[in-house]
Amino acid sequence: NTETLDELSKLDFVEELQLHGLKNIKNWDGLSKLKNLKRLKLISCDVSTEQSINFFKNLYSLKNLLIVCLLMPQLF
């Protein structure tokens, strides 16, 4: 388990990504490294209130992102 998404920097070439079951992520900066990402699906991922600003800041930094699908049982 990790509190960051630093490993995503190795996937900077992907255009579609599904992330499942992420919890307790303190730093979502790894999302901003996915410069080619067009479609993102988050399934059963929890974004805490404390981390929501960091999450959305990094999500909105993705200029190529066309579709975001949030299938989350608990957001905030």
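Reckoned from all heavy atoms, side chains included, excluding hydrogens, waters and symmetry mates.
- The distance from the CG atom of Leu62 to the CG atom of Leu40 is 7.5 Å, given to the nearest 0.5 Å.
- Between atom NZ of residue Lys33 and atom CG of residue Leu5 there is a gap of 11.0 Å, rounded to the nearest 0.5 Å.
- Hydrophobic clustering (ILVMFWY, side-chain heavy atoms < 4.5 Å, transitive): Phe56 and Ile53 are in distinct clusters.
- Leu59 has its side chain within reach of Val68: a pair of non-hydrogen atoms, C-beta onward, lies under 4.5 Å apart.
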Working for side chain to side chain contact (heavy atoms under 4.5 Å, CB included), residues Ile43 and Gln18: CA-CA 7 Å; Ile43 301 170; Gln18 288 187 20; 3.8 Å; yes
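- Distance CD/Gln51 to CD/Glu3: 9.0 Å, rounded to 0.5 Å.
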Full working for side chain to side chain contact (heavy atoms under 4.5 Å, CB included) between Leu37 and Val14: CA-CA 6 Å; Leu37 193 64; Val14 300; 4.2 Å; yes
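- Across all their heavy atoms, Cys45 and Leu19 have their closest contact at SG-O, 3.5 Å.
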Salt bridge (Lys or Arg N to Asp or Glu O under 4.0 Å) assessment of Asp46 paired with Lys23: CA-CA 5 Å; Asp46 290 337; Lys23 297 178 187 348; 3.8 Å; yes
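- Not counting sequence neighbours, Glu50 has no partner by the salt bridge (charged side-chain N to carboxylate O under 4.0 Å, His left out) test.
- Annotation for Leu66: atom CG counts as buried by contact number, over 12 foreign heavy atoms lying within 6.0 Å.
- A donor-acceptor pair is defined here as one N or O able to donate and one able to accept, closer than 3.5 Å; such a pair exists between the side chain of Asn64 and the backbone of Lys35.
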Phe55 and Leu31: CA distance, side-chain angles, deciding distance, side chain to side chain contact (heavy atoms under 4.5 Å, CB included) verdict: CA-CA 8 Å; Phe55 170 76; Leu31 275 181; 4.1 Å; yes
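- For the residue pair Asn54 / Asp29, a side-chain donor-acceptor distance below 3.5 Å is found, with atom types taken as modelled.
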CA sep, side-chain torsions, deciding dist, call: Leu34, Leu65, side chain to side chain contact (heavy atoms under 4.5 Å, CB included): CA-CA 9 Å; Leu34 302 172; Leu65 193 63; over 6 Å; no
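- Looking at Trp28 and Leu8, their side chains never come closer than 4.5 Å, going by heavy atoms from C-beta outward.
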